[in-house]
Amino acid sequence: TVGVYMFALAAAASTAAPLESVDGAAFFEPFSSDWESRWLVSKDADFQGTWIHEAYTEPEGTPGDKGLMVGNEAKKHAVSHLFKEPIDPKGTGLVVQYELHMKKDLKCGGAYLKLLTASEELDHDGFKAETPYTIMFGPDKCGGTNKVHFILRHKSPATGEWEEKHLKKAPTPLLAVGETHLYTAIVGADNTVTLLIDNEEKVKASLLESDDFTPPVNPPKEIDDPDDKKPDDWVDTAKIDDPEASKPDDWDEEAPRLIEDPAAERPDTWEPDEPLQIPDPTAEAPADWDADEDGEWEAPLVPNPKCKPSGCGEWKRPQVANPAYKGKWVQAKIDNPAYVGKWAPRQIDNPAYYYDAAPHDVMPIGGVGIELWTMQDGILFDNILVATDPRVAEEAAERTFSARKAAAARLERGDGWLGAASFYLSLAAEYARENALPVGVAVCAVLASIVLLCCCRAPARAAEAGGGGVEGEEGEEEEGEGEEDDGEEEEERAESEAAACPSPAAGSGPVAVFDADAHDVDALDPEEEAQLRQLMSQPGVAAPPPPQPAKQALPTAEAVLQERTASLSRNGAAREGHLWRQTESEVELSLLLPPATRAKDLRPELRPSPEPAAAASVLVHRSGAGAAPLLEVELAYPVELPDEEDELAWEVTDYEPDSLGGRRALRITLRKRALPGVVVWWTRALATEAEIDPLSIPGRRRAAKAEGMQSVWEQAQAMFKQKVAERAPPAMLDLGEGGEADEGAEERE
């Protein structure tokens with residue numbers, strides 16, 4: 001069955017060809033060679049970017065297949081196609097699907113489509129900034145944003161105003177360089193919205209649910225009364241300090257939580273003069289390394305092998321819990337006798353309320369547009385489809401995306417059965433390299449089972465076949481006496497197997513099967529070898545087990561701590577109360593916590609600075625508590641702030657072994673704020689700590705590598721300055737003689 005499937009898959013891939021049309025589709029664009037006769041590049045002055053008819057990155061699974069690619073960096077691009085007849089999704093829903101191929105890494109830019117609203121504002125001269133759209137769908141990535149947008153422009157039946165409704169739980173796009181991915185959005189007649197990536201459902205939402213879109217498609221019936229104010233004598237504090245509570249005289253707030261273990265002693269094997277990491281002695285500079293351009297090559301740092309026995313560097317006594325520690329004294333709380341309750345403004349009818357029971361009945365679609373402002377080129381669009389039936393999109397995906405994927409896989413593995421076998425063997429070898437331990441255990445278990453089965457069953461079969469011995473003679477005598485019943489035959493068979501491979505409980509002791517080839521027989525003289533082989537040929541004789549490898553000693557607590565420290569300070573530093581490490585785009589800050597601290601007891605917060613360009617602060621609160629934070633530190637450099645508070649990535653993990661204090665680490669992942677295409681290496685994580693030498697960062701990229709992005713930044717800066725210069729000055733209000741504002745001037749402003 002597998003062979004037939006592989007043959008069919010190869011046959012289908014070999015015949016893959018660009019698709020020209022799709023039955024049942026209201027619109028399908030494969031971007032064939034005559035694409036310019038159907039699409040119009042915007043002539044608006046804002047859109048200076050060019051479009052290129054380009055092939056996919058090799059291996060090219062579908063020969064001759066091309067798409068439409070963004071041709072310039074740091075420019076606005078726009079291209080559109082207008083339908084001869086608008087597409088009306090009323091009562092049927094709508095499906096939009098397209099393929100996206102990335103030839104370059106997308107740092108900052110969009111890769112989405114717009115379904116244009118059929119209206120008189122559609123211009124046959126091309127896309128403009130004010131061209132209205134009904135649905136915007138596709139990936140968008142820049143800074144802290146990395147999502148697949150789905151935005152519906154909805155017209156209020158009450159006010160007639162248009163408002164953008166954003167899908168809340170937007171999925172993360174797949175944008176790897178050299179890969180092609182399929183993006184599908186389905187607006188159902190049941191008012192559901194389903195987003196798929198590579199034919200796999202990622203999000204399903206409802207246009208009628210207030211929690212799925214922001215703002216909700218249907219506004220709330222009631223809203224807060226803007227004129228309602230909380231009374232001055234309203235008490236909404238539920239708890240107050242107990243006036244009768246007082247701090248005990250023996251309460252020491254200055255006592256530290258942890259102290260050095262007075263009983264600890266430095267191990268004899270500790271190496272105080274050795275560094276934790278050393279340059280890898282086996283590493284060599286890459287063949288294409290250019291010292292003039294890249295700087296002097298430095299070997300990557302690896303753990304110092306001299307540190308394995310106990311540790312190295314400055315030895316410090318481990319921290320243990322302080323028996324005198326009590327912490328900061330907090331006055332006990334009691335119920336507030338004057339507490340009234342939580343105040344909330346009264347609700348009034350929403351003057352803008354309406355209920356649209358069928359928001360999927362969007363305005364008719366008059367065309368498709370691609371309008372982007374991106375800092376990178378190389379974004380390729382292909383096989384754009386608009387339909388009212390999801391099955392049409394599925395069939396098109398099978399003939400385009402799936403066929404190309406299968407053909408590309410076939411090209412990678414080669415032609416014929418030999419190529420296929422080589423391809424799958426290479427995949428197996430790669431899996432084995434990445435999972436060496438479990439694969440090794442599994443292979444050893446299978447080999448051991450085979451050896452044991454063969455050694456135990458072979459003598460039994462020889463005995464059953466009458467190969468000699470007492471049982472064979474008995475069998476010949478019994479042959480003349482008559483037929484044995486089935487029960488006696490089974491009993492004899494069991495006895496013969498037991499004689500060939502006896503169980504450990506039988507006989508005088510444990511029995512092992514000896515494999516002479518597995519032992520060092522060549523080390524024996526001929527006479528000893530003959531005696532040994534004769535002895536081993538007798539059934540039931542125990543053999544000496546093969547030598548067992550020496551058990552490796554478990555790492556010491558100090559070695560475990562050193563390994564964790566090195567990992568958490570990669571490209572960063574280890575400090576007294578925190579550690580930090582960094583990559584090109586992220587920083588992970590590890591704040592050390594008392595032993596037994598649990599994640600559910602904490603609530604980290606990233607608080608922005610009042611100054612726009614200043615760094616934020618990290619606060620750690622106790623869960624459910626509104627008091628002062630347990631910990632507050634100021635970052636040294638700006639970071640990207642998450643859209644929602646619960647999107648901050650953090651976890652609590654073990655850091656110190658129990659014997660060394662048992663402190664845990666709160667690890668918070670932060671995204672660096674930097675210009676697109678520019679890599680910034682931090683020299684410190686907190687504003688109060690000492691800086692590290694940037695040249696000591698093993699993973700840094702040379703400054704020369706960023707020079708290629710200088711022109712991109714200059715172009716973006718020039719565009720920004722031009723926009724500022726073209727901005728119209730604000731209108732002034734004429735108060736007149738009576739001191740009242742002129743309504744016309746206010747409207748103009």
- Does any pair with a residue in residues 558-568 pass salt bridge (charged side-chain N to carboxylate O under 4.0 Å, His left out), and if so which ones, sequence neighbours excluded? none
- Check: R671 side chain, E640 main-chain N or O, donor-acceptor pair, under 3.5 Å: no
- Item | Interatomic distance, I379 atom CD1 to L106 atom CG [nearest 0.5 angstrom] | 5.0 Å
- Message: Before you tell me yes or no, could you show the steps for K672 and Y637 under side chain to side chain contact (heavy atoms under 4.5 Å, CB included), namely the whole-Å CA-CA distance, both residues' side-chain angles and the distance that decides it to 0.1 Å?
- Response: CA-CA 8 Å; K672 299 177 181 177; Y637 302 102; over 6 Å; no
- Item | E314 CD to D273 CG distance, which is reported to the nearest 0.5 Å | 11.5 Å
- Query: Heavy atoms, side chains only, cut-off 4.5 Å: are V302 and I278 in contact?
  - Reply: yes
- Message: Run the ring-ring contact (aromatic ring centres under 6.0 Å, His included) test against W650 and tell me which residues pass, sequence neighbours left out.
- Response: none
- Message: Using a 3.5 Å distance criterion without hydrogens, assess whether the side chain of H149 forms a donor-acceptor pair with backbone atoms of K147.
- Response: no
- Task: May I have the step-by-step check of side chain to side chain contact (heavy atoms under 4.5 Å, CB included) for L666 and T597, ending in yes or no?
- Result: CA-CA 9 Å; L666 169 61; T597 301; over 6 Å; no
- Any side-chain donor paired with an acceptor under 3.5 Å for Y655 and R663? no
- Message: Among T145, N146, I197, L100, exactly one meets side chain to side chain contact (heavy atoms under 4.5 Å, CB included) together with P139. Which residue is that?
- Response: L100
- Query: For K202, does the NZ atom sit with more than 12 other heavy atoms under 6.0 Å from it, leaving out its own atoms?
  - Reply: yes
- Message: Between K76 and Q48 (side chain of the first, backbone of the second, donor and acceptor by atom type, cut-off under 3.5 Å), is there such a pair?
- Response: no
- Item | For Q331 against D242, the heavy-atom pair lying closest together | NE2-O, 2.6 Å
- Message: Would you say CD of E576 has more than 12 non-hydrogen atoms from neighbouring residues, nucleotides or ligands within 6.0 angstrom?
- Response: no
- Is any side-chain heavy atom of V340 closer than 4.5 Å to a side-chain heavy atom of D233? no
- Begin from the C-alpha positions of L195 and Y183 and carry the test side chain to side chain contact (heavy atoms under 4.5 Å, CB included) through to its verdict. CA-CA 8 Å; L195 302 190; Y183 292 87; over 6 Å; no
- Task: Quick one: closest heavy-atom pair of I692 and G572, and the distance?
- Result: CD1-O, 3.9 Å
- CG of D294 to CG of D288: how many Å apart, nearest 0.5 Å? 8.0 Å
- Does some side-chain heavy atom of L606 sit less than 4.5 Å from a side-chain heavy atom of L635? yes
- Quick one: is the NZ or CZ of K229 closer than 6.0 Å to the six-membered ring centre of W234, and within 45° of its axis? no
- Message: Hydrogens and angles aside, do T57 and H101 bring a side-chain donor and acceptor to less than 3.5 Å of each other?
- Response: yes
- Query: Around atom CD of E691, are there more than 12 heavy atoms of other residues, nucleotides or ligands at under 6.0 Å?
  - Reply: yes
- Item | Interatomic spacing from CZ in F137 to CG in L167 - rounded to 0.5 Å | 10.0 Å
- Task: Check whether more than 12 heavy atoms from other residues, nucleotides or ligands sit under 6.0 Å from atom CD of E265, and answer yes or no.
- Result: no
- Query: With no hydrogens and no angle check, is any side-chain donor or acceptor of N304 less than 3.5 Å from a backbone partner on K306?
  - Reply: yes
- Item | Minimal non-hydrogen separation, L301 against P279, with atom names | CD2-N, 3.7 Å
- For W682 and P638, which heavy atoms make the closest approach, and how far apart are they? CZ2-O, 3.8 Å
- Note on the structure: Residues pairing under disulfide (SG to SG under 2.5 Å) where one sits in residues 226-344, two or more places apart or in two chains, turn out to be C307-C312
- Would you find more than 12 non-hydrogen atoms of other residues, nucleotides or ligands less than 6.0 Å from K103 atom NZ? yes
- Please report the closest heavy-atom contact between R664 and R598, naming both atoms and the distance. NH1-CA, 4.4 Å
- Query: Between E689 and R684, is the closest basic N to carboxylate O distance under 4.0 Å?
  - Reply: no
- Query: Would you say W251's side chain and G327's backbone share a donor-acceptor pair under 3.5 angstrom?
  - Reply: yes
- Query: Side chain of E296, backbone of A291: donor and acceptor closer than 3.5 Å?
  - Reply: no
- Task: Would you confirm whether W343, through its side chain, and V235, through its main-chain N or O, come within 3.5 Å as a donor-acceptor pair?
- Result: no
- Message: Between D261 (side chain only) and P318 (backbone N and O only), is there a donor and an acceptor less than 3.5 Å apart?
- Response: no
- Indicate yes or no for a side-chain donor-acceptor contact from N571 to the backbone of Q582 under 3.5 Å, with no hydrogens or angles considered. yes
- Would you sort out whether V633 and T688 count as a side chain to side chain contact (heavy atoms under 4.5 Å, CB included), showing the intermediate values? CA-CA 9 Å; V633 293; T688 56; over 6 Å; no
- Message: With a sphere of 6.0 Å drawn around CG of D268, does it hold more than 12 non-hydrogen atoms of other residues, nucleotides or ligands?
- Response: no
- Message: Looking at D252 and K326, is there a salt bridge between them, counting it only when a charged N and a carboxylate O are closer than 4.0 Å?
- Response: no
- Query: Can you find a pair of side-chain heavy atoms, one from W681 and one from E584, that are under 4.5 Å apart?
  - Reply: yes
- Close side-chain approach of P243 and I334, heavy atoms under 4.5 Å: yes
- Query: Is the shortest side-chain N to carboxylate O distance from K239 to D335 below 4.0 Å?
  - Reply: yes
- Please confirm whether the backbone N or O of S567 pairs with a side-chain atom of R581, one donor and one acceptor, at under 3.5 Å? yes
